[in-house]
Structure formats: structure tokens, C-alpha cells
Amino acid sequence: MDRSEHASAGRDHSVSSGTTTPRTISYQSAGVDIDAGDRAVDALKPLIKKTVRPEVVGGIGGFAGLFALDTEKYKKPLLASSTDGVGTKLVIAQKLDIHDTVGIDLVAMVVDDLVVCGAEPLFLLDYIATGQVVPEKIADIGAGIADGCRYAGCALIGGEIAEHPGVMKPDDYDISATGVGVVEADQLLGPERVKPGDVAIAMRASGVHSNGFSLVREALFGVGKMDLGTVVPEFGNQRTLGEELLTPTHIYAKDCLELAKECDVHAFAHITGGGIAGNLVRSVPEGLQIEVDRGTWAPNPVFDVVQRIGGIGGEEMERTFNMGIGMVAIVAPDQVDRSLAVLTARHVEAWTIGEVTEGDAGVKLSGDYLTAG
């Protein structure tokens with residue numbers, strides 16, 4: 001696994017007395033610290049080892065991560081892949097100087113896209129770009145990624161740390177990841193399985209998750225002139241705005257896999273950018289629709305705070321944020337009670353939000369949200 005950007009540094013030299021000493025440069029003088037990169041890799045190694053699965057071949061340091069897919073385990077395996085980042089939620093982490101949670105968000109964005117088709121996440125590769133490599137900060141970011149991989153049951157088998165002086169400010173960084181999963185062809189989930197009468201079950205979001213933070217920042221810091229250290233009464237327990245916004249995205253991968261194993265699930269929808277309607281429509285075939293009843297849940301308090309302070313319209317909120325729902329399962333009508341029981345046993349708050357019917361509207365939201373509390 002290649003974990004740092006390396007190049008040969010120029011050797012310093014001197015010239016005879018009486019001549020002008022030419023300027024000597026090195027990779028480090030250009031802004032790239034190879035030694036810091038190596039220290040960052042060393043700090044990540046024990047974290048990465050915690051994510052190892054039996055199929056992982058070799059260790060850290062190769063040019064590629066190796067994973068031995070057990071082909072005898074599957075009749076007709078399909079490989080699924082997904083790639084994503086965390087977006088401008090990183091601005092919050094950088095302002096607070098808290099970096100050990102955004103890695104969880106990163107893994108969630110990738111593996112919860114994989115599981116939508118029924119795929120088990122197998123492994124993930126990450127990419128960390130920064131203006132200046134600070135080993136302790138990289139280790140914190142990596143710790144979050146490793147935690148996310150453990151929560152999802154996948155291995156972290158590869159990655160890259162890239163130092164970009166002149167392109168990024170020293171304290172800035174961006175992260176992304178690509179994940180690979182596997183699903184049996186005859187167990188593939190999706191809109192093709194959805195039928196009239198199927199029921200949509202929502203799974204509670206842990207907060208804003210990792211989408212819409214440009215609007216969050218404009219509303220709260222631009223319009224509202226708020227501070228990340230402000231205690232917001234709606235959040236309870238003397239919780240600050242920064243703590244709420246940095247809440248990690250819930251990882252639903254294992255919850256969804258268990259649900260698909262125990263119940264007749266036809267499709268999932270990961271609620272990210274585009275909101276409930278924009279993502280749920282991707283799991284509904286043409287000729288069918290889902291009418292979502294807003295009156296079945298109260299959005300997390302953070303959404304009311306963002307909307308009220310920013311003066312944001314309801315339609316804009318719904319096409320930007322998850323509004324309290326992180327994942328939706330579409331199940332056979334006789335599987336509702338069992339599905340809710342499975343999710344409850346896994347400590348996932350879940351409830352029914354609508355039913356699949358004939359129609360061409362795709363997704364319609366009706367009614368009014370419940371009031372939190």
C-alpha cells in the first residue's frame with residue numbers, strides 16, 4: 001500500500017571560496033516532507049491492522065492492496081464499487097481541530113452506497129491530500145477511517161497520503177475513498193424487485209450526515225453569525241453547535257445486510273445529497289410511486305435550527321438534506337413487522353413512511369412533519 005509521495009531530494013553541495021553560492025533546493029524546501037509522510041504511515045499501520053479480514057493478502061507498503069475473493073463461496077458473484085468524499089464538512093473539522101470522526105463519515109458515504117444493491121463491503125482504499133503532512137493529524141483522520149471500516153466489516157487495504165504545498169494551505173486537507181463489495185447475482189436488490197403494495201421503512205439519521213454543509217455554513221455562519229462553540233438549547237445536554245455538526249454519519253451497512261438476510265427486502269435507498277425524494281426515486285421503477293408521509297416522524301432538531309436561522313424554504317431543505325432519514329428499505333408488505341423488529345434489535349430507530357402504489361410521480365411527500373419533543 002503506497003502511503004506517501006516520495007522523490008529523491010537533491011544533495012546539498014558547496015563551492016569554492018570567492019564564488020557566489022547557488023541556491024540549493026530539495027523536496028522538503030519545496031514543501032514536501034518525506035520523513036513526515038513516513039511517520040504518518042507508521043502511525044497508521046496499527047490502525048489499519050485492526051480492519052484486516054481473512055481475505056487480505058500481504059501487508060502495508062506494496063504498490064497495490066491485495067484481496068483474495070473466495071470464488072467457491074459464490075455461484076455468480078457481482079462486484080460492486082463506489083467512490084465518494086466528505087465534502088465541506090471538513091471545514092467544520094478543520095475549524096474545531098478535531099479530525100478523528102470525518103473518516104467515519106467517509107466510510108459511511110462509500111459502504112452505504114454499496115449495500116443499497118445488497119453488496120457486502122469487502123475492502124476500501126482511501127486518499128488523503130493535505131497542504132502539509134502533520135503525522136498526528138493524519139493519524140487522527142486514519143483512526144476515523146479505520147473505525148468506519150470496522151463498523152462496516154470491511155478491510156482498509158490501500159491508500160495514499162499526498163502533500164500538496166502551493167495547491168492547498170498547510171492546515172487544509174481533503175479525503176476520499178473507493179470501496180468494493182460483492183453480491184450474488186440472484187440476490188441483487190434494486191427497483192426491478194419493487195412491487196405495488198411494498199412498504200418503505202425509514203432508518204433514523206444521526207444528524208446532517210455528510211451532505212449540504214455548504215448550505216449549513218451559509219445559514220449558520222453567514223446569515224446567523226453563529227459560533228461553533230455556541231451551546232444550542234434544541235440539541236440538549238449542553239451540546240454545542242460544533243459537536244452537533246461534527247456528529248459522524250451512521251453506518252448502515254451491517255444493519256442492511258442483516259435485514260436483507262432475515263427479511264424479504266426488495267430495495268434500499270441511501271439518503272444523501274438530493275434528499276429523500278431525490279434518492280428514493282432511484283429505487284422505484286417506472287409506473288410505480290411512493291407517497292412519503294411527513295407526519296410519521298420529526299426531523300432531527302438541527303434541521304429546524306438551520307432552516308429557521310437561515311430562512312430556508314421547505315422545498316430547498318428537502319432537496320438538500322436527509323431531514324432525519326439516513327436509509328430507506330423497501331420491503332414486502334408481510335415483512336414490515338419482522339423488519340422493524342430486526343432493526344430495533346440492532347438499535348436502529350425505524351418506522352414506516354409510505355407504500356408503493358401505481359403511478360408515475362416517483363416520490364411524493366405529503367403532510368407535515370411532527371414536532372420534535
Side-chain angles (χ1 to χ4, degrees), residues 1-7 9 26-51 60-61 65 83-110 124-152 156-179 208-210 213-214 216-217 221 227-229 240-249 251:
M1 175 171 65
D2 189 5
R3 270 287 174 184
S4 59
E5 189 183 53
H6 293 274
S26 67
Y27 211 4
Q28 185 166 359
S29 73
V32 176
D33 189 337
I34 296 174
D35 292 334
D38 290 340
R39 291 196 301 272
V41 172
D42 288 339
L44 289 174
K45 285 180 180 179
L47 303 173
I48 295 168
K49 287 181 179 178
K50 294 180 180 179
T51 75
I60 302 167
T83 189
D84 212 335
V86 178
T88 63
K89 185 171 186 174
L90 294 178
V91 174
I92 310 299
Q94 290 163 13
K95 284 178 181 275
L96 291 173
D97 196 25
I98 297 174
H99 312 286
D100 59 355
T101 62
V102 289
I104 299 174
D105 294 292
L106 178 63
V107 176
M109 291 297 98
V110 174
L124 183 135
L125 301 98
D126 63 18
Y127 179 81
I128 304 172
T130 182
Q132 179 180 3
V133 170
V134 178
E136 296 78 12
K137 183 186 295 184
I138 299 298
D140 281 348
I141 298 169
I145 297 173
D147 283 344
C149 286
R150 288 191 295 106
Y151 301 155
L156 180 58
I157 68 167
E160 171 75 2
I161 301 169
E163 196 164 22
H164 289 169
V167 177
M168 306 176 75
K169 296 178 182 178
D171 290 335
D172 289 348
Y173 62 86
D174 197 7
I175 57 178
S176 64
T178 297
V208 182
H209 283 185
S210 300
F213 271 84
S214 293
V216 168
R217 291 185 297 111
F221 311 134
D227 184 272
L228 288 169
T240 66
L241 179 60
E243 289 172 329
E244 176 63 32
L245 295 182
L246 215 54
T247 300
T249 304
I251 295 177

Trainee: Which residues pass the salt bridge (Lys or Arg N to Asp or Glu O under 4.0 Å) test with Asp35, not counting sequence neighbours?
Mentor: none

Trainee: What is the minimum heavy-atom distance between Gly179 and Val110, and which atoms define it?
Mentor: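 Taking every non-hydrogen atom into account, N-CG1, 3.4 Å.
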
Trainee: Name all residues meeting the side-chain hydrogen bond (donor to acceptor under 3.5 Å, both in side chains) criterion together with Thr130; count only those two or more places apart in sequence or in a different chain, and write none if there are none.
Mentor: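 Expected list: none.
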
Trainee: Taking Thr240 for the side chain and Glu243 for the main chain, is one N or O donor matched with an acceptor at less than 3.5 Å?
Mentor: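 Between the backbone of Glu243 and the side chain of Thr240 there is a qualifying donor-acceptor contact (under 3.5 Å).
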
Trainee: When rounded to the nearest 0.5 angstrom, what is the spacing between CG in Asp147 and CG in Leu156?
Mentor: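 One finds 11.0 Å between CG of Asp147 and CG of Leu156.
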
Trainee: Heavy atoms only: give me the nearest Ile104-Pro248 pair and the separation to one decimal.
Mentor: CG2-CB, 3.9 Å

Trainee: If you look only at distance, which donor and acceptor atoms sit under 3.5 Å apart when one is on a side chain in residues 167-178 and the other is two or more places apart or in another chain?
Mentor:
from   : atom 1 : to    : atom 2 : distance (Å)
Tyr173 : OH     : His99 : ND1    : 2.8
Thr178 : OG1    : Thr83 : OG1    : 3.0

Trainee: I need the minimum non-hydrogen distance between Val133 and Ala40, along with the two atoms involved.
Mentor: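 Shortest heavy-atom separation between Val133 and Ala40 comes out as CG1-CB, 4.1 Å.
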
Trainee: Taking the side chain as C-beta and beyond, is there a heavy-atom pair between Val107 and Tyr151 under 4.5 Å?
Mentor: no

Trainee: Drop me the distance from Asp227's CG to Phe221's CZ, to the nearest 0.5 angstrom.
Mentor: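 If we round to the nearest 0.5 Å, Asp227:CG and Phe221:CZ are 8.0 Å apart.
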
Trainee: State which residues pass side-chain hydrogen bond (donor to acceptor under 3.5 Å, both in side chains) with Gln132; sequence neighbours excluded, sorted by chain then number.
Mentor: none

Trainee: Holding to salt bridge (Lys or Arg N to Asp or Glu O under 4.0 Å), I want the full list of residues that pass it with Asp100, two or more places apart in sequence or in another chain.
Mentor: none

Trainee: Drop me the distance from Leu228's CG to Ile98's CD1, to the nearest 0.5 angstrom.
Mentor: 9.5 Å

Trainee: Among residues at least two apart in sequence or on other chains, which ones pass side-chain hydrogen bond (donor to acceptor under 3.5 Å, both in side chains) with Thr51?
Mentor: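 Testing Thr51 for side-chain hydrogen bond (donor to acceptor under 3.5 Å, both in side chains), a comparison that skips the adjacent residues, returns none.
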
Trainee: Between Lys137 and Asp140, does at least one N-O distance fall below 4.0 Å, as a salt bridge requires?
Mentor: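 No, Lys137 and Asp140 are not salt-bridged.
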
Trainee: Does the side chain of Leu245 come within less than 4.5 Å of Phe213's, by heavy atoms?
Mentor: yes

Trainee: With the threshold set at 4.0 Å, does a side-chain nitrogen-carboxylate oxygen contact exist between Arg39 and Asp42?
Mentor: no

Trainee: To check you understand the geometry: which heavy-atom pair defines the closest contact between Met109 and Gly85, and what is its length?
Mentor: CG-O, 3.6 Å

Trainee: Got a second to check how far Ile141's CD1 is from Leu90's CG, nearest 0.5 Å?
Mentor: 8.0 Å

Trainee: Which distance, rounded to the nearest 0.5 Å, do you find between the CG of Asp105 and the CD1 of Ile251?
Mentor: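 So the CG of Asp105 and the CD1 of Ile251 are separated by 8.5 Å.
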
Trainee: Looking at side-chain heavy atoms only, is the closest gap between Asp84 and Leu106 below 4.5 Å?
Mentor: no

Trainee: Please name the pair of heavy atoms, one in Leu47 and one in Ala139, separated by the smallest distance, quoted to 0.1 Å.
Mentor: CD1-O, 3.5 Å

Trainee: When rounded to the nearest 0.5 angstrom, what distance separates CG in Leu241 from CD in Glu244?
Mentor: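 Answer rounded to 0.5 Å: 8.0 Å.
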
Trainee: How close do Glu163 and Gly131 get, heavy atom to heavy atom, and via which atoms?
Mentor: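 Scanning both residues completely, I find the closest heavy atoms to be CG-O, 3.8 Å.
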
